[in-house]
Protein chains: 2
Amino acid sequence: MVTLSEENYLKAIYHLGKQGSVVVSTNAIAEQMETKASSVTDMIKKLADKNLANYIKYQGVSLTKEGRLAAASVVRKHRLWEVLLVEKLNFSWDEVHEVAEQLEHIKSEKLINELDAFLNYPEEDPHGDPIPDKEGNIKKVEKILLSQVDENQSCICVGVKDSSTDFLKYLDKHHISLGTSIKIISKEKFDESMTINVNNALINISKIVSNNIYVKKG
Amino acid sequence: MVTLSEENYLKAIYHLGKQGSVVVSTNAIAEQMETKASSVTDMIKKLADKNLANYIKYQGVSLTKEGRLAAASVVRKHRLWEVLLVEKLNFSWDEVHEVAEQLEHIKSEKLINELDAFLNYPEEDPHGDPIPDKEGNIKKVEKILLSQVDENQSCICVGVKDSSTDFLKYLDKHHISLGTSIKIISKEKFDESMTINVNNALINISKIVSNNIYVKKG
DNA sequence: ATATATTTTTAGACAAGACTAAAAATATAT
DNA sequence: ATATATTTTTAGTCTTGTCTAAAAATATAT
């Protein structure tokens, strides 16, 4: 049995090391989880004992195949629940995270499969992040940061890198959501801000903003 | 903050002492929760410290107003989730309990209110048990045990007292569910079994069975 | 009313998960 | 290469919730 706490560590390692295949440091995990390095060391040992992680003292951790699947399963659940919250229960995309953090730990194979079917097998969560399938596979989609797009090019918002409440509310205020068409009008050299056209309104966004919006050509 | 474990104790006391207004014994709680009396004593003290329970050593516990509301809230969540599972996610009434035991601890006011609305404000769960409202009030419905009904009378199944998987599967096998019409054909004096008519089939049920089915006149 | 049985509580121990402070290993800089 | 800084681990403590065994209180029976 994988405990709630173990699931959270697996998820952190999964996210830090691109789907868990890369070695990550104790401190990185501690920062991600807002805990202390010593707590991380303790837990890593438990994960290694359970064959969920590969661990070499002082060197870092990566997930085993089993650990990767367990982590992907938690992420799958998190994202499916987020879809339910937004599509059926009137949550906005900035309200779902906290609740999904709880729901992702509910243990029931049937529940998650039925939820998947009920939601019509969504491929992405409300922030444009891919939903792993039962085997833990994710569909890689072409996406680049808005900051990479050149002047006079048009693109479509397909996701966000930062999904904090503050950032999502900022996007809401400027009517930017998934599927929104964005045209780059101009880019400033000195601060790398850009002026963009969204729904025929011109707005100026900082580099920080354009660096946290994923878009595709179009 | 009420912890998961505390919520489970509150729920147990709530169920044992008709909505928590009655004093219940340490042993009764221990039995209900499949734990030891000493663990119960420990937890009762914590609940009393938090003003969720009234506790007098060696005398027993009851819930305070606050404790009763907290317990009713957990029961409300449990039963609403059960409705979701059955109505939307293809669970049968014997499959919902275990998952609802987990879901009932999810903390989000908005979630439970939206769920309530999404399900169209159900008044009962899939076993016919009433769903407390936000204030913890439950609608008392007229119901008697099938064993109380006289020969030649007809009635309608409105709930079950035992909602164990085994019993619910037994009812499924005999096509008895909520809303099913039942006519009492005859009752045996010596073992108190009865023959009933369900969907034009005659079946014989033991006292144990008739004692676990709630019905209303009709 | 006294002895016996049952219930409840206390005392002490344990596991999980987290923390602090100190020690050990690794990395960096001159 | 040696000193310094950083990272990681260890050792020991704390809290929550559980348990066992023993003690205390209450209930029951003769």
Side-chain angles (χ1 to χ4, degrees), chain A residues 1-17 20 22-63 67 70-71 74 101-102 104-107, chain B residues 1-17 20 22-63 67 70-71 74 101-102 104-107:
Chain A
M1 235 280 295
V2 183
T3 69
L4 187 149
S5 194
E6 286 166 351
E7 285 189 343
N8 284 332
Y9 278 92
L10 289 172
K11 196 175 45 146
I13 301 169
Y14 180 88
H15 283 136
L16 283 169
V22 161
V23 169
V24 299
S25 76
T26 302
N27 261 4
I29 298 169
E31 193 179 350
Q32 166 97 359
M33 299 197 58
E34 298 184 312
T35 185
K36 301 294 153 128
S38 54
S39 308
V40 175
T41 303
D42 288 347
M43 182 55 85
I44 286 171
K45 287 182 190 163
K46 290 176 195 161
L47 295 177
D49 285 348
K50 289 190 175 184
N51 256 298
L52 297 166
N54 307 116
Y55 170 52
I56 305 170
K57 262 195 199 178
Y58 294 100
Q59 303 286 112
V61 225
S62 61
L63 297 180
V74 175
E101 287 283 296
Q102 299 176 61
E104 70 188 6
H105 301 293
I106 301 295
K107 283 173 177 44
Chain B
M1 234 280 294
V2 183
T3 69
L4 187 149
S5 194
E6 286 167 350
E7 285 189 343
N8 284 331
Y9 278 92
L10 289 172
K11 196 175 47 146
I13 300 169
Y14 180 88
H15 282 136
L16 284 169
V22 161
V23 170
V24 299
S25 74
T26 302
N27 262 3
I29 298 168
E31 193 180 349
Q32 166 99 357
M33 298 196 60
E34 298 183 313
T35 184
K36 300 295 153 127
S38 55
S39 307
V40 175
T41 302
D42 288 346
M43 184 54 86
I44 286 171
K45 287 181 189 164
K46 291 175 194 160
L47 294 178
D49 285 348
K50 289 189 175 183
N51 256 299
L52 297 167
N54 306 115
Y55 170 51
I56 306 172
K57 261 193 200 179
Y58 294 101
Q59 303 285 111
V61 226
S62 61
L63 296 179
V74 175
E101 287 285 296
Q102 299 176 61
E104 71 188 5
H105 301 293
I106 302 295
K107 284 175 175 44

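Quick note on labels: first sequence line is chain A, next is B, and so on, each numbered from 1.
Judged as a salt bridge (charged side-chain N to carboxylate O under 4.0 Å, His left out), and not counting sequence neighbours, the contacts of A:Lys50 are A:Glu6. Take B:Lys57 and apply the side-chain hydrogen bond (donor to acceptor under 3.5 Å, both in side chains) test, not counting sequence neighbours, and it matches no residue. Evaluation of the salt bridge (charged side-chain N to carboxylate O under 4.0 Å, His left out) rule for B:Lys107 yields B:Glu7 as partners, not counting sequence neighbours. Residues meeting the side-chain hydrogen bond (donor to acceptor under 3.5 Å, both in side chains) test with A:Glu104, sequence neighbours left out: A:Lys11, A:His78. The salt bridge (charged side-chain N to carboxylate O under 4.0 Å, His left out) test applied to A:Lys46 returns no partner, not counting sequence neighbours. Qualifying side-chain contact (heavy atoms from CB on, under 4.5 Å) partners for B:Asp42, counting only residues two or more places apart in sequence or in other chains: none.
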Could you run through nucleotides 4-18 of chain C and give me one letter per nucleotide, 5' to 3': B if any protein heavy atom sits under 4.0 Å from the base, S if only the sugar-phosphate is that close, - if neither?
---SBBB------BB
Which pairs of donor and acceptor atoms, one on a side chain in residues 32-39 of chain B, lie under 3.5 Å apart (sequence neighbours left out)?
none

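Listed by first residue number, the stems of DNA chain D with at least three Watson-Crick or G-U pairs below 3.5 Å are C:1-30 with D:1-30.
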